[in-house]
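Only this structure's heavy atoms are used, side chains among them; waters, hydrogens and symmetry mates stay out. Since the model is a prediction, treat every value here as computed from it, not as a measurement.
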Amino acid sequence: MTSPADHADLRAELDTLTTEAFRPELADIDRRSTLDIARTMNAEDATVPAAVAERLPEIAAAIDDAAARMAHGGRLLYAGAGTAGRLGVLDASECPPTFNTDPSDVLGLIAGGPAAMVTAVEGAEDSKELAAEDLTAVKVTDMDTVVGVSASGRTPYAIGAVEHARSLGALTIGLSCNAGSALAAAAEHGIEIVVGPELLTGSTRLKAGTAQKLVLNMISTLTMIRLGKTYGNLMVDVRASNEKLRARSRRIVALATGAGDGEIEAALRSTDGEVKNAILTLLGEVDAPTAARLLDAADGHLRAALQAARPH
């Protein structure tokens, strides 16, 4: 049971956080027209990319380190509570269909478990121990990268995840939206996207959530680019799990090769629907087994495999 003194200490701590700051100029927002509120909110949201831009060197350095670990078999794990946790789970869940990663390669851990995706789990975010238990359950090693995500930068679950992962030798990244955060201090790579006070006081699913989504997009996407999951700006490792993605697969092969429909269908049939392999058979003028062998030798990097197929 939390005591009144504990509540007072937490309130004093929240009073110091930019993300929790009260904005007197918006105190009458509920009396404004809907269009006026929408314009105000849109103007607030427009400031987020600039805040992210200020931290691009730190983001890029973290991505390079994470990609290097993943290239040697490591995984990427996000850990957060509430909105931050949900954003991590979202980003992780989109990697298998987009980049054909194994579902275990990129994981999102949320305080309170899967039920917390839709319902708040009381007290879960306040436990460093719970974070350590969750990381133990997925067998974190020194090859992995753990990204703690917390708008405030003070959430015990996110900090606990980073501290436990770092004690095991894993690479750690702390993503928060307040300067001088405990989360950033606990991690090897501290990324602080300071977006300022929210439209609704303390509602960090707004600008802070948008900032976190943008950075998580960068971490996963740029890591996968570094790992050879793309060819130029084409998603050549896309997993065709539905009709839309099957159509997209054919379009990607067409854009990469300029081949006609018949050639594309034949290439995809011969490579069991693997887009990257199909492109290599067409551009490298090799058969499917050779394409598979060349890609394996090139650690999945299509440009390197093409160079090997066409050395001159």
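- The minimum heavy-atom distance between A151 and A208, with the atom names listed, is CB-CB, 3.8 Å.
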- CA sep, side-chain torsions, deciding dist, call: L306, Y231, side-chain contact (heavy atoms from CB on, under 4.5 Å): CA-CA 11 Å; L306 274 169; Y231 177 64; 3.7 Å; yes
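- Cluster membership check: L87 shares its hydrophobic cluster with L76, using side-chain heavy-atom separations under 4.5 Å among Ile, Leu, Val, Met, Phe, Trp and Tyr.
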- Task: Begin from the C-alpha positions of E192 and S181 and carry the test side chain to side chain donor-acceptor pair (under 3.5 Å) through to its verdict.
- Result: CA-CA 8 Å; E192 296 175 329; S181 68; 2.8 Å; yes
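- Shown here for A278 and V253, the closest heavy-atom pair between the two residues is CB-CG2, 4.4 Å.
- Within the 4.5 Å cutoff, no side-chain heavy atoms of T47 are placed close to those of V195.
- A donor-acceptor contact shorter than 3.5 Å links the side chain of R166 to the backbone of A186.
- Following chains of ILVMFWY side-chain contacts shorter than 4.5 Å, one can reach V215 starting from M70, so the two form part of one hydrophobic cluster.
- At least one donor-acceptor pair under 3.5 Å links the side chain of E263 to the backbone N or O of G260.
- Contact record, C177 with A211: SG-CB, 4.4 Å, taken as the closest heavy-atom pair.
- Summarising the local packing, CG of D261 is surrounded by 12 or fewer heavy atoms from other residues, nucleotides or ligands at distances under 6.0 Å.
- When each of T19, T83, T155, T204 is tested with S150 by the rule side chain to side chain donor-acceptor pair (under 3.5 Å), just one qualifies, namely T155.
- Screening L109, V149, D126 for a side chain to side chain contact (heavy atoms under 4.5 Å, CB included) involving Y157 leaves a single residue, L109.
- A distance of 10.5 Å separates CZ in R23 from CG in L200, rounded to the nearest 0.5 Å.
- Here the side chain of Q212 pairs no donor or acceptor atom with the backbone of L175 at under 3.5 angstrom.
- In summary, E285 and R310 do not engage in a salt bridge, as defined by a charged side-chain N under 4.0 Å from a carboxylate O.
- The CG atom of L183 lies 6.0 Å from the CD1 atom of I159; values are rounded to the nearest 0.5 Å.
- Side-chain contact between Y78 and I110 is absent, with no heavy-atom pair separated by less than 4.5 Å.
- You'll find the side chain of D91 reaches within 4.5 Å of the side chain of N217, heavy atoms only.
- Here the side chain of T223 pairs no donor or acceptor atom with the backbone of A67 at under 3.5 angstrom.
- Side chain of R86 to backbone of G80: no donor-acceptor contact under 3.5 angstrom is found.
- No side-chain heavy atom of M143 sits less than 4.5 Å from a side-chain heavy atom of R69.
- A donor-acceptor pair under 3.5 Å is absent between the side-chain atoms of K276 and the main chain of L295, judged by distance alone.
- With D36 contributing its side chain and S33 its backbone, the two residues share no donor-acceptor pair below 3.5 Å.
- Within the 4.5 Å cutoff, no side-chain heavy atoms of N277 are placed close to those of D272.
- Contact between A259 and I264 at its shortest, heavy atoms only, is O-CD1, 3.5 Å.
- Side-chain contact of S176 with N178: a donor-acceptor pair under 3.5 Å is absent, judged by distance alone.
- A308 and L294 get closest at one heavy-atom pair: CB-CD2, 3.9 Å.
- M224 and L216 fall within the same hydrophobic cluster, where Ile, Leu, Val, Met, Phe, Trp and Tyr residues are linked whenever their side-chain heavy atoms come under 4.5 Å apart, directly or through other members.
- R154 has no carboxylate O lying under 4.0 Å from a charged side-chain N of E20, or vice versa, which leaves the two without a salt bridge.
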- Query: Going through the distances and angles, do R250 and E265 end up as a side-chain contact (heavy atoms from CB on, under 4.5 Å)?
  - Reply: CA-CA 8 Å; R250 283 151 179 76; E265 290 299 329; 2.7 Å; yes
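- V162 and V138 fall into different hydrophobic clusters, where Ile, Leu, Val, Met, Phe, Trp and Tyr are joined by side-chain heavy atoms under 4.5 Å apart, directly or via other members.
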- Take D65 and T145 through the side-chain contact (heavy atoms from CB on, under 4.5 Å) test and state the conclusion after the steps. CA-CA 9 Å; D65 279 0; T145 298; over 6 Å; no
- Message: Working note: D144 + L168, criterion side-chain contact (heavy atoms from CB on, under 4.5 Å); need CA distance, chi angles, decisive distance, verdict.
- Response: CA-CA 10 Å; D144 297 327; L168 298 174; over 6 Å; no
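- In this structure, the separation between CD1 on I225 and CE on M218 is 11.0 Å, given to the nearest 0.5 Å.
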- Message: Apply salt bridge (charged side-chain N to carboxylate O under 4.0 Å, His left out) to residues R246 and E243 and explain how you reach the verdict.
- Response: CA-CA 5 Å; R246 277 186 278 275; E243 285 304 318; 3.0 Å; yes
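- At least one side-chain heavy atom of D45 sits less than 4.5 Å from a side-chain heavy atom of K207.
- Taking the side chain as every heavy atom from C-beta outward, H164 and T136 approach each other to under 4.5 Å.
- In plain terms, the two heavy atoms of A161 and A131 that are nearest each other are N-CB, 3.5 Å.
- Taking CG of L214 as the reference point, atom CD1 of I193 lies at 9.0 Å (rounded to 0.5 Å).
- A continuous path of hydrophobic side-chain contacts links L280 to L283 [ILVMFWY only; heavy atoms under 4.5 Å].
- Taking the side chain as every heavy atom from C-beta outward, L130 and D134 approach each other to under 4.5 Å.
- Between R32 atom CZ and I37 atom CD1 the span is 7.5 Å, to the nearest 0.5 Å.
- Here L199 contributes atom CG and N42 contributes atom CG; the two are 11.5 Å apart, rounded to the nearest 0.5 Å.
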